[in-house]
Protein chains: 2
Amino acid sequence: MAGTIRKSARRVTAADVAEAAGVSRSAVSRAFTPGSYLDDGKRRAILRAAKRLGYRPNAMAAILQGGASDLVAIFAGEMPNDFDREVAAALVSGLNAIGKWPLVIGGDEATARRALANVLRYPLEAMILRSGSLDEGVAKSCAKLGVPVISSGRILHMPGVDNVCCRNRDGMADMGRLLIEGGRRRVAFVGGPETFWSAGERRLGLVTALHAAGLTLSADAMGAYTVQSGYDAAADLLAGPPFDALVCANDAMAIGALSLLRDRGIPVPEQIAVVGFDDIAMAAWPAFNLTTVRNPIDTLVETVTDLVQRRVETPTKPDETIAIDVSLVCRGTH
Amino acid sequence: MAGTIRKSARRVTAADVAEAAGVSRSAVSRAFTPGSYLDDGKRRAILRAAKRLGYRPNAMAAILQGGASDLVAIFAGEMPNDFDREVAAALVSGLNAIGKWPLVIGGDEATARRALANVLRYPLEAMILRSGSLDEGVAKSCAKLGVPVISSGRILHMPGVDNVCCRNRDGMADMGRLLIEGGRRRVAFVGGPETFWSAGERRLGLVTALHAAGLTLSADAMGAYTVQSGYDAAADLLAGPPFDALVCANDAMAIGALSLLRDRGIPVPEQIAVVGFDDIAMAAWPAFNLTTVRNPIDTLVETVTDLVQRRVETPTKPDETIAIDVSLVCRGTH
DNA sequence: TTGAAAGCGGTACCAT
DNA sequence: ATGGTACCGCTTTCAA
């Protein structure tokens, strides 16, 4: 029987509902527009017919016609560690909560670059940047199209870009002072490549605190913000001159370093202090009990979503750079 | 000067490009359509003008007119543990790689439910389910709209739904046998609430293996797939009759349980074996060295993206249920 | 090879 | 309060 196998059934349109309810298409549109003139009984009848037919207004037509797209892109990068993935997940929930639908772009550079070109064909209300290396290029493409950008992991000095960023330098400077007060004098650092902006900022904060105490960095290693890279970096550093504190640019690497020191039987924090940055959930686990700097994801998400809303409301509002306060979390590894 | 402050500049359209290049709108459209009749010089001129003006075809209009939306929704649920977030991140990358743009829905039930109704106004090519509790309802809504569903964490017996799911029962049965061969006789289990489908399946697999050896489950605790819940569940179980193996429905809980046993000074695996499921990155860390069942994310993503492509190509293709093989990963906790 | 014109499915502005 | 109609920006006939 024809009809039982619906070959990719045509979407139900307002015209279908109008016919079924015996009204005009205009009335159907009004039924779905709160606060529009429409007889209450008629509205109910339309809504009933719509429900029965399974009608949903086609967002494409509504947007094309001039409506809000409610579409926000998140340029998420590779998300190599749990902090990045937690942020992405929280950003998604936060955007959903304010009625915005995130189009997420992730993966390696080549994939993300190709994806960007395609995603920019959709009318985005904002682009949220969380990637490392590609951010400037993405921001430039967005600027050309008038898509507002919110950079949330590094500060981008470009017109049309709002910035949300935690106080990387302050946090690491506080951490440096804590270590110095604790008697540490030979401090090693595990950072990241040039493209990891936050690593550079955090390093700077640490160096500032050291300088103020008449000290310099004892050693400098490069990681990749993953647990494994922290493990490897610690091994490299151990092969060099001795140190009594190991500051890692993020918690993942600190946990990797911690694992290596344990494997080698080096007591933490007695011989070497190990500290991180972010305060991921794992940092609090008894197995690690990591001293770190709390980088609050909930505040980040609130700030970003607020910025999205205000930017959408007032496209011409001046660009903002909002700093998020961090705080020391003293646990057992310093 | 007027023009310096562009009040939310109007998007450049094909008509603008046509005018700039001195051709018709049709020609502009053709210039962006591979394999269409158009003078080569003219095409280059159009492309040049487009680039100069910063033109991108508006996806809304193209889709409305009948083109592919390339939009796929991921109903991701709360993503309470790292495995869920890793899967979501991998799914995003995988979809990007095949030229599909994922609209992600996440967060708590109320938020997700509201989000769903809105996101369904977009013409989705597929809906990927990863949530726990809301899956049936979502699938029903999708069916009504003719949106194909791919369930990737539980098996949904509904028309129009493709299923991808790891062999939960087989994996846990293998694990059960491993423990029995290792001499364990009093096996406790930490599962999840009713809505965690995989917990029930994994429990069933374990029970089957135990029965085959003439054993039954010694104790049954309920977790929530988070590390903390594993920690708490282990504490509860320890208050009851003794056991020599603790099987957790996922790695996060196993790691939590492991932490508690360590806190209590109970030797693992000498006194109690602890095992999990999923083989998250953390399971391999020296700090945990967890015996578990490998649940391969890359295979899952490949299977899902393949299913998306084939479903889009042939909307009428028969529904499929694809099982993903799992394998024991023997480390140090059994 | 090219341009004109008809839709896609909504919304909003008309009169009525 | 209601129905008719123009239009959003694109793709795709159709005729030239």
Side-chain angles (χ1 to χ4, degrees), chain A residues 8-47 49-50 53-71 118 120-125 145-146, chain B residues 8-47 49-50 53-71 118 120-125 145-146:
Chain A
S8 169
R10 191 181 59 83
R11 214 183 148 108
V12 178
T13 72
D16 300 327
V17 178
E19 191 182 16
V23 298
S24 68
R25 289 186 309 248
S26 306
V28 176
S29 179
R30 288 195 184 95
F32 283 87
T33 309
S36 57
Y37 296 110
L38 185 63
D39 178 83
D40 228 48
K42 196 175 255 186
R43 162 168 276 139
R44 270 198 301 276
I46 293 171
L47 258 22
L53 297 178
Y55 168 72
R56 312 245 174 182
N58 185 330
M60 299 299 116
I63 296 164
L64 181 59
Q65 184 278 146
S69 79
D70 292 334
L71 253 22
N118 285 288
L120 285 178
R121 296 177 331 176
Y122 298 83
L124 303 175
E125 297 189 348
L145 282 165
Chain B
S8 169
R10 189 180 61 81
R11 212 182 148 108
V12 178
T13 71
D16 300 327
V17 177
E19 192 182 13
V23 298
S24 70
R25 291 186 303 269
S26 309
V28 176
S29 178
R30 290 194 182 98
F32 283 86
T33 308
S36 58
Y37 294 109
L38 186 61
D39 178 81
D40 228 47
K42 198 174 250 186
R43 163 169 276 141
R44 271 198 300 275
I46 293 172
L47 258 21
L53 297 177
Y55 168 72
R56 312 244 175 184
N58 185 330
M60 299 298 118
I63 297 165
L64 180 58
Q65 184 279 146
S69 79
D70 292 333
L71 253 25
N118 284 287
L120 285 178
R121 296 177 331 176
Y122 299 81
L124 304 175
E125 296 189 348
L145 282 165

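In the text below, chain A, chain B and the rest are named by the order of the sequence lines, each starting its count at 1.
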Would a line drawn from the ring center of A:Y55 to the ring center of A:F32 be shorter than 6.0 Å?
-> yes
What distance separates B:R121 CZ from A:N58 CG, expressed to the nearest 0.5 Å?
-> 9.5 Å
Side chain to side chain contact (heavy atoms under 4.5 Å, CB included) against B:A45, all qualifying residues, sequence neighbours excluded = B:R48
Look up atom CG in A:D16 and atom CZ in A:R25, then write down how far apart they are to the nearest 0.5 Å.
-> 11.0 Å
From the 5' end of DNA chain C to its 3' end, which nucleotides mark the outer limits of contact with chain B, defined by a 4.0 Å heavy-atom distance cut-off (strictly under)?
-> C:dT1 to C:dG9
May I ask you to test the A:N118-B:D70 pair for a side-chain heavy-atom distance under 4.5 Å?
-> no
Criterion side chain to side chain contact (heavy atoms under 4.5 Å, CB included) against A:V28, the qualifying member of A:L38, A:T33, A:T13, A:I46 = A:I46
Under 3.5 Å donor-acceptor, A:R43 side chain and A:R30 backbone | yes
Could you encode protein contacts along nucleotides 7-16 of chain D as a string, one character per nucleotide from 5' to 3', using B for base contact, S for sugar-phosphate-only contact and - for no contact, with a heavy-atom cut-off of under 4.0 Å?
-> -BBBBBB---
How would you label the contact of A:I63 with the nucleic acid (heavy atoms, under 4.0 Å): base, sugar-phosphate, or nothing?
-> nothing
At what distance, to the nearest 0.5 angstrom, does CG of B:L145 lie from CZ of A:R56?
-> 5.0 Å
Reckon A:K42 has a side-chain N or O less than 4.0 Å from the OP1 or OP2 of D:dA1?
-> no
